[in-house]
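Inspection log for the structure reproduced underneath, given as C-alpha cells.
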There are 2 protein chains.
Amino acid sequence: MSQTPRHSAERSVPTSADVARLAGVSRATVSYVLNNTSAVRISEPTRRRVREAAEELGYVPHAAARTLRAGHTRIVLLPTAHIPVGPLYSRFISELQWALRRLDYTVVQYGSLGLDGDAAARAWAELRPVAVLSLGEIALTAQNVEVLKRSGAKAVITLGPQHVEGAHSLVMDQREVGVRAAEHLLERGRRRIGVVVPEEQGLDLFSAPRLAGVRQVAEPAGATVLPVPLAYEEEAADALAARWRGLGLDAVYAYNDEYAMLLMRSLQDAGIAVPDETAVIGADDLLLGRLLRPRLSTVRIDMVTGQLLAELVDRAVRDPTGVPERHDLMGAEVVRREST
Amino acid sequence: MSQTPRHSAERSVPTSADVARLAGVSRATVSYVLNNTSAVRISEPTRRRVREAAEELGYVPHAAARTLRAGHTRIVLLPTAHIPVGPLYSRFISELQWALRRLDYTVVQYGSLGLDGDAAARAWAELRPVAVLSLGEIALTAQNVEVLKRSGAKAVITLGPQHVEGAHSLVMDQREVGVRAAEHLLERGRRRIGVVVPEEQGLDLFSAPRLAGVRQVAEPAGATVLPVPLAYEEEAADALAARWRGLGLDAVYAYNDEYAMLLMRSLQDAGIAVPDETAVIGADDLLLGRLLRPRLSTVRIDMVTGQLLAELVDRAVRDPTGVPERHDLMGAEVVRREST
DNA sequence: TTGAAAGCGCTACCAC
DNA sequence: GTGGTAGCGCTTTCAA
C-alpha cells in the first residue's frame, strides 16, 4: 500500500532506486548515467533507458544526500540582514551571484536578521558552506570565523570596515567617504560642517565611520563638526531645515545622495541658499542627484566588481591554507557639481 | 594518524560521534540532549557533560544529514533573479524573511539568474524545499510547479501577473497600475498619452502589462497611446526630450517614479512646461518624487505585507491538500500632486 | 536512563 | 559494462 501511487501530492518522492527499478538497472548505473561519470563507459541504449525513466518519474536528485555522501558542498553562503540597500549594491550582488554560478558554486543568501553573531555563525555552519562571504551587514568576530572553519568552510571572506582575524578581508574603510567629503568642503572654504546621521536602523555600520572620517580631517584643520540626526521623511527634513540657521553651519555632508536630496529640498524651501549659505554633498553618485537644481555634489564610491570577488572566493577555496589576503579597496572620489 | 588533530584547518569536522566519545555516552544520548528531546529523560550531569563536550569540540550539527534523516526540510525557497528592485520591495523581502523565521522556517534566497524555467525548477527541487515562493522575477509554468511538488514541496506560491495552475497565486495584475494612471490622465483632460517603456532588461515583466492597462482604458475613450522606450540615463532622457514636441503628447505615464523624475527634468530643461504642456505621472510613491517641483504625481501600489504572506505560506504547508488560494491583491491608487 | 542499530539517498570502490 | 554495497551524519525505535 505504501507503494501505491495515488494523487500526485501523495505519491512519495522518487529516488534513484525508483529510476533504477524502472530502467531495469542498478542504482550505480543510474548514478553514472545521470552524472556523466567519465571513468565508466555505459552503453548508449542503457543511458537512454535510464534517462527516460528519470524523466518519466520526474526524478530530481536529493541535494542533501549528495552532500552527505560527498562530504562537502559547493555552497557559498551570503548572509544578509536588513539593510536598506541602494541600486549599486543590489547590482553588485547580482553580478557576484552570476560570476559564482559560472564557477559552479551555489549561492545561497541566508537571511540572518535578528540573530546575534554566534547564533548566526552556527546557523550558517549547519549548511556546511564551502565559503562564507560576509558583506558587512553582519559583523563577524574571529570566533565566528573559527566556528565556520571548524565546520569545514574553506574560506571566510569579509567585506567590511576592518580586518577580521582568520578571514580574508576586503577592507572597505567607510571613513574614506567621510574623509573625501570633508576635504572637499574644507577646500571650498567651509568651516562648520554638519554630518547627517540617519536615524534608520542598521545604517550606523556605515554612518559612524563616515562621521569619524569627517572628524579626522576637519577637526585638525580647525573646522567644527556637528552630527545631525535625520529620519528619512519629509517632515523630519522640514523640521531640521526650520532650525537650520540656529545650527550655524555652512556645509553639510548628508550621508548619501538620498538624504542629501531630501535635506537640500527642505533647506531650499526654508529659504536657505545652496550652496551659498550652506553647501550640500551626498554620496553614491545616484543618477537622480544630477537632476536637482543645483546639481548635487557627491562622493562616488568604487565598488569591487562581483567578478573580482568571485575569483577571490574561488582562489581561497582552492587554496585554503593560503595566507589570508587583505585588500584595501575603498576608492572614493568627490564628484563636484553645483551644490558645493 | 587520521585521528590526530593538527592545525585547526586540517582537523576534520567534529560529528556527534566525536561528542559522544568525549562525553563518554552514546550518539543517541548526544542527540537527545542537544535537541532537548522531551520524550526522554536524561540526567542533569549527563546533559552537562554532553553540552561541554559539544562546546569544546565546536560541534555544529550537519543540516544535510538531519534533512536526510528527517525526510523533509523547513526551507522556504525564494528564487531571485536580477531585477533592479526598489526600496519597497527590499523592505518587503526583509519583512517576509523575518516573519518566516518566526514560524521556524529557513529562508533561502537562491539566485537563478541565467537559468531557464525548467533548469531553475530542477535546481530548486534538489534542495527539497517545503515551500517555494516565487515573487515574479522568474515566470513559473504549471510544469515547473509539478516538478517542485513531486520533489516534496508542500506549497508553491506565486506572486505575479497571473494565476499559475497548481500553485497558490497572489495575482498582482500590473495592468491595474496602468489603468489607474490612464484614468487619471483622461480625467485631467489629456488625450495623447505617452507610456515610458524602460529599456533595461528584466523590467518588461512589469512594463508590458502596465502599458496594456493604459491601452485598455485610453483607447476605448478615444485617446491615443504611444509607447516610448527610454533607458535610465540622463543622455537618453535629454534626447527624448529634444524630440518631444514632435511626438505631440500631452501626457506621459513614465513607468515608475525614477523614470518619471528623470524624464520630467529633461522635459523641463527642454522648455516643456509640466504639467501645462505635458502632464507626468510615475508609480511607487517614492519619497524623492515629492521633492521635485512640480511635485510628482504617482500611482501608489499596495504591497501585500510580509507577515501576511508568511502566514499564507505556513497555512499552505500545513494543509497541502487545500484548494490553491487565489488572491487578487493589487491595490493601486493615484496620488495626485502637481505634475498632472 | 542509556545504548545498539536501522536507514534516509547518494556515489564510488571493487568485483564480476 | 554493470551490479553489489559501504558509509557519509543524523534521529528514533526498540531493547536493556
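Order of the sequence lines fixes the chain letters, A, B, ..., with proteins taken first and strands second; residue numbering starts at 1 for each chain. From a predicted model like this one, the values you see are computed outputs, not experimental measurements.
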**OP:** Assign B:V25 to base, sugar-phosphate, or nothing according to its heavy-atom contacts below 4.0 angstrom with the strands shown.
**Re:** sugar-phosphate
Original post:
How about A:L77 and A:L133: do any of their side-chain heavy atoms sit closer than 4.5 Å?
Top reply: no
Subject >> Expected output: side-chain A:N35 to main-chain A:Y32 donor-acceptor under 3.5 Å >> reply: no
**OP:** Answer yes when B:R122 and B:D118 have at least one side-chain N-carboxylate O distance shorter than 4.0 Å, and no when they do not.
**Re:** no
**OP:** Check every strand shown and say whether A:T67 touches a base, only sugar-phosphate, or nothing at a heavy-atom separation below 4.0 Å.
**Re:** nothing
Subject >> A:V132 side chain near A:I157 side chain, heavy-atom distance below 4.5 Å >> reply: no
**OP:** Provide, to the nearest angstrom, the distance between the CD atom belonging to A:E44 and the P atom belonging to D:dT2.
**Re:** 11 Å
Original post:
Are the side chains of A:L57 and A:L22 in touch, meaning some heavy atoms are under 4.5 Å apart?
Top reply: yes
**OP:** Have a look at A:T46 and say if it touches a base, only the backbone sugar-phosphate, or nothing, with a 4.0 Å heavy-atom cut-off.
**Re:** sugar-phosphate
Original post:
Taking all atoms of both residues into account, what is the closest heavy-atom pair of B:R150 and A:E56, and its distance?
Top reply: NH2-O, 3.2 Å
**OP:** Please check the phosphate of C:dT1 (OP1 and OP2 only) for any side-chain N or O of B:T29 closer than 4.0 Å.
**Re:** no
**OP:** Mind listing the closest non-hydrogen atom pair of A:L308 and A:V304 along with its distance?
**Re:** CD2-CG2, 3.7 Å
Subject >> Net bend of the helix from C:dT1-D:dA16 to C:dC16-D:dG1, end axes of five pairs each, nearest 10 degrees >> reply: 40°
Original post:
Where along nucleotides 5-10 of chain D does protein come under 4.0 Å, by heavy atom, of base (B) or sugar-phosphate alone (S), with - for untouched nucleotides?
Top reply: BBBBBB
**OP:** Starting at atom CD of B:E126, determine the distance to atom C1' of C:dC8, rounded to an integer number of angstrom.
**Re:** 17 Å
Subject >> Distance, rounded to the nearest Å, where B:Y32 contributes OH and D:dT12 contributes P >> reply: 8 Å
Subject >> Between C:dG3 (C1') and B:R21 (CZ): distance, integer Å >> reply: 15 Å
**OP:** Round to the nearest Å and state the distance from A:I42 atom CD1 to C:dA12 atom P.
**Re:** 13 Å
**OP:** Could you state the atom-to-atom distance from NE2 of B:H72 to C1' of C:dG7 in whole Å?
**Re:** 16 Å
Original post:
Just how far, in rounded Å, is C1' of D:dG3 from CZ of A:R49?
Top reply: 14 Å
Original post:
Is there side-chain contact between B:T67 and A:H62, with heavy atoms separated by less than 4.5 Å?
Top reply: yes
**OP:** Decide yes or no for B:L78 and B:L96: does some side-chain heavy atom of the first lie under 4.5 Å from some side-chain heavy atom of the second?
**Re:** yes
